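Positions are given from 1 along the sequence. Side-chain atoms are counted along with the backbone in the values below, which use heavy atoms only and exclude waters and symmetry mates. What you see is a predicted model, and the numbers here were worked out from it, not measured in a lab. Whatever order the structure lists them in is the order used to number ligands and atoms, beginning at 1.
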Amino acid sequence: STDEWALHGRDHQEQRYSPLDQINRENVAQLGLAWHYQFESDRGQEATPIQADGVIYTSVAWSVVYALDAETGELLWSYDPQVPREALADACCDAVNRGVALRRDRVFVGTLDGRLIALNSRTGELVWSVDTVDHSVPGRHYTITGAPRVVKDKIVIGNAGAEFGVRGYVTAYDAASGEQAWRFYLTPNPEGRADGAASDDVMRDVVQQTWSPGEWTISGGGGTAWDSMTYDPDTNLLFIGAGNGSPFDFYRRSGGQGDNLFLSSIVAVNPDTGAYVWHYQTSPSDSWDYTATQHMIATRLTINGQERDVLMQAPKNGYFYVLDRRTGELLSATPYAPVTWSTGVDMETGRPILAENAHYQTGTALLQPGPFGAHSWQAMSFSPRTGLVYIPVQLMGGGYARDPNFQRRPVGQNVAIQLPEFPQDQLAAIRAATTGQLVAWDPVAGRARWTVEHPYFLNGGTLVTAGDLVFQGNAEGHLVAYDATNGEQVWSYDAGTGIIAPPISYRINGQQYIAIMVGFGGAGAIVGRVVPDRPRMPGRLLVFRLGGTAEAPAYDPPPSAPIDVTGITSRGNADLGMAEYNRTCATCHGGNASVAYNADLRRSGALRSEELWRSVVIDGALEDNGMIAFRDVLTPREAENIRAYVLRHARQSQRRGEE
Ligand SMILES: O=C(O)c1cc(C(=O)O)c2c(n1)C(=O)C(=O)c1cc(C(=O)O)[nH]c1-2
Ligand SMILES: [Ca+2]
C-alpha cells in the first residue's frame, strides 16, 4: 500500500519515491523526532529499513536484525546470526549490511559470512539458513553486504569480494524452503566448462570470448553483484548490477585483451529461470573498480516525444545511463560528475572512448572518478512529479599504478595496483578537492537542474516524497530536507554522528513518518583524512513526524586519548613498513594510518613493544575483534617494519596535538 515501505526501494522498480505528502514544504519546519532506538553496533549503518504491518525491520553491522514497533520504537525481537569475526578480514569495506527483505511472514537477511537466512517475522525465530558461497574453488573470500530482493516466490542474493579474488554470481532461492532455484555467474568458468547454472549458454556463446589468458583464471575475474538488483514486473526482468574486475589491472588480468563480460555491466535475466535476456556493459575492460552495482531505477520517460520504458543508473564511472529496459538499448550516457578516464560514449557502439593511458599501461594515471566512484551504493531516488533523479555524488579522483611486484596472497585484497599514500604536505589540498554533491539530475535533458555542495565526499542516499521534499543525511551528521524543485534547504536535524544510509517514509494511523539509520562507516571511512575526524558512535534509528517532540540524548564521546609514544622505539624500517602497510593494512586501517571505522593504530596500545605488536599482528591475539593473524602473509620482521611506520605517524599526530 502507499502507507508502507515493504520492499528495499519501496517499489520493485526501486524509485525510492514516497507517495505520502502529509509532510511537505509548507509544514516541514514542524518535523520533530518521534522516537529513536540505539543499537550496540558503532560501525557503518547502511540499511534501508523495511516497514509493514506496523513493524520496522532493519539490520546493523555484523548482519544483526531488529524488529521494532514502527509507531513507538519498542523492541519486538532481534536476531544475531553470530557472524565469526574473522569474516571482517574478507570484507573490503566494513562489516556493513544494507538491509533485510520481507515476504509474507518471513524476514530475510544475507550475512557477512555468506549465509542467506529466513526468520519468522513475528518472533525472529530461524526458519531456514543456506550457505550461498560457491566452494568449488577453495580459499575464495566471499561475503554478503547487500540486501536480498523479493521476486515473486523467490529471494535473490548476490555476493561481494571482487577485491579479494572471487567469481561473481547471483543466486535465487525458493522463499518457502530455501531450496536453490537458479544461479547466474557473471564471469566465465576458468576452464571453459559448463557450471550447470542458468548462465551456461551465454557464457559459452558470448562471455567466454571476451576474456584472454591471464590472472583471472586464478582470481575468478570479479564481477560481484554486491548491491543492486531491480525487479521490473512490467517486463518480468530482473536487472543485476555487476561489479569490477579482479585483479584491477587489465593487463595482468586478461593480457590487455577483451571486454571481460560481465564486469561493470547491467545484466537482465528472467527471474523465473535465471535465463539471460540482455546486457549493457558500462566500462569494458574495467581497470578502475568502476562497478555497475549502483542502484537502478525502472520507470517511463518521455524522450523525443515518445514514451519509453527505461532503466536508469549512475554507476561509479561518472556517466548517467538511460537504457531501454526491454532491450538494453542505450538511449543516453551523459557525465553527471567530472570524467577524465574517457572522452565520451559513442552512441553508435554504446562504448566509452578511452582517454590516453586510461589503463595506466604507460605509467601512473590520475583519473576522475577514482575507485570510490562518482556514486556508490548510496541510493538515488526519482520523483515522477519533478521528473528528477536525486543522486548523492562523490567528487574524488584516484591515482592508478600497476604493481610490478604483485603476488597473489591467501588473505587480504588482491587488487594488483599500488595505493598511493596521501603526501602530508598536500593533504589540505586533497581534502579541499574531495567533496560531495546532491545533484538533481534531469534524465531526459541529460543535465543537472540544481546542485547542493557538501564539504565531504561521503554522504547518505536519498528519499523523495510527494510532499516535494528530498531527504538526505550527510557526513557531518545532519539529516536535511530540501525543496525537490530547487534544492533550497528547508529543514535539518543534527543526529550527532555521520550518516550514510538512505531515509524511508511510511504512514500509520494517518501519521506520516520519516525514518533513517545513522552511523558512519563503510568504504568511505577507510580513507580517513578526508572524512570528518570524529570517534565512532553507536548507530541509531531515528524516526520523525510532524509535531514530534522526543529527544535523543547527546552522545558521550568515548575516551580515545592518544597513547604517549615518546620513548617508544622500533628496530623496524619505517619506509619498508609503509609499503607493507599499504599492501596489507591500509584497506582496513586507512591511508596514512588514520581511519574512522577500525582501530586507529596510532592509538593502539600494541604499539608499546615489539612483542605486543607481534602477538596481535602475527599471532592473532585480537582475533575475536576481527583482527586475524597475518602469519601467512607477513614475517615478524615485516610486522616490525609496519610498527615503525605506524609509530612515525603516531609521533607526527602527537606533535601536531591531534587527538
Ligand atoms: O567488489 C566488491 O565485491 C565490492 C564489495 C563492496 C561491499 O560489499 O561492501 C564494496 C565494493 N566492492 C566497492 O567497490 C565499494 O566501493 C564499496 C563501498 C562500500 C560501502 O559499503 O561503503 N562497499 C563497497
Ligand atoms: Ca569493488
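At a heavy-atom distance under 4.0 Å, only side-chain atoms of C92, from C-beta outward, approach ligand 1. At a 4.0 Å heavy-atom cut-off, ligand 1 does not touch V166 at all.
Applying the 4.0 Å criterion to heavy atoms of A160 picks out, from ligand 1, the atoms 3 (O), 5 (C), 8 (O). Applying the 4.0 Å criterion to heavy atoms of G522 picks out, from ligand 1, the atoms 22 (O). Each of the following atoms of ligand 1 lies closer than 4.0 Å to a heavy atom of V96: 21 (O). Atoms of ligand 1 lying under 4.0 Å from at least one heavy atom of D289, given by number and element, are 14 (O). If you number the atoms of ligand 1 from 1 as listed, the ones under 4.0 Å from a heavy atom of G161 come out as 2 (C), 3 (O).
Exactly one residue among Q472, Q394, E476 makes a side chain to side chain donor-acceptor pair (under 3.5 Å) with H454. That residue is Q472. Results of the ring-ring contact (aromatic ring centres under 6.0 Å, His included) test with W216 over F250, Y251, W211 single out W211 as the only residue that passes.
Within 6.0 Å of CZ on R351 lie no more than 12 heavy atoms contributed by other residues, nucleotides or ligands. At most 12 non-hydrogen atoms from other residues, nucleotides or ligands lie less than 6.0 angstrom from CD of Q407. No more than 12 heavy atoms of other residues, nucleotides or ligands shown are found within 6.0 angstrom of CD on E40.
Aromatic pair Y169/F184: ring centres not closer than 6.0 Å. Residues W288 and F248 place their aromatic rings such that the two centres sit no closer than 6.0 Å. When ring centroids are compared, Y321 and Y280 come within the 6.0 Å threshold.
With respect to the salt-bridge test (charged N to carboxylate O, under 4.0 angstrom), the residues R85 and D624 do not qualify.
Of the angles at the Ca ion (ligand 2), the one spanning OE1 of E163 and OD1 of N244 is 80° when given to 10°.
Considering backbone and side-chain N/O atoms, P371 never comes within less than 3.5 Å of an N/O atom of ligand 1. The shortest N or O to N or O distance between A162 and ligand 1 is under 3.5 Å.
A cation-pi geometry, defined here as NZ or CZ lying under 6.0 Å from the six-membered ring centre and within 45° of its normal, does not hold between R536 and F520.
Between the Ca ion (ligand 2) and T291 there is no N/O/S contact shorter than 3.0 Å.
The protein atom (non-hydrogen) at minimum distance from atom 21 (O) of ligand 1 is E46 OE2, 2.8 Å. In this structure, the protein non-hydrogen atom closest to atom 16 (O) of ligand 1 is K316 NZ, 2.8 Å. The protein heavy atom nearest to atom 17 (C) of ligand 1 is W226 CH2, 3.4 Å. In this structure, atom 8 (O) of ligand 1 lies nearest to the protein heavy atom T145 OG1, 2.7 Å. Scanning the protein heavy atoms around atom 18 (C) of ligand 1, the nearest turns out to be A523 CB, 3.2 Å. Given atom 9 (O) of ligand 1, the protein heavy atom at minimum distance is R98 NH2, 3.0 Å. Of the protein's heavy atoms, W377 NE1, 3.1 Å lies nearest to atom 20 (C) of ligand 1.
No other N/O/S atom of D289 lies as close to the Ca ion (ligand 2) as OD1 does.
Using a 3.5 Å distance cut-off with no hydrogens or angles, the side chains of R408 and S219 do not pair a donor with an acceptor. A donor-acceptor contact closer than 3.5 angstrom links the side chains of N260 and S254.
At a 4.0 Å cut-off, not a single heavy atom of G243 sits close enough to ligand 1 to count as contact.
Using a 30° and 60° split on the angle between ring planes, Y400 and Y290 fall in the perpendicular class, above 60°.
Of the options V415, T224, N244, I144, the smallest heavy-atom separation from atom 3 (O) of ligand 1 is shown by T224.
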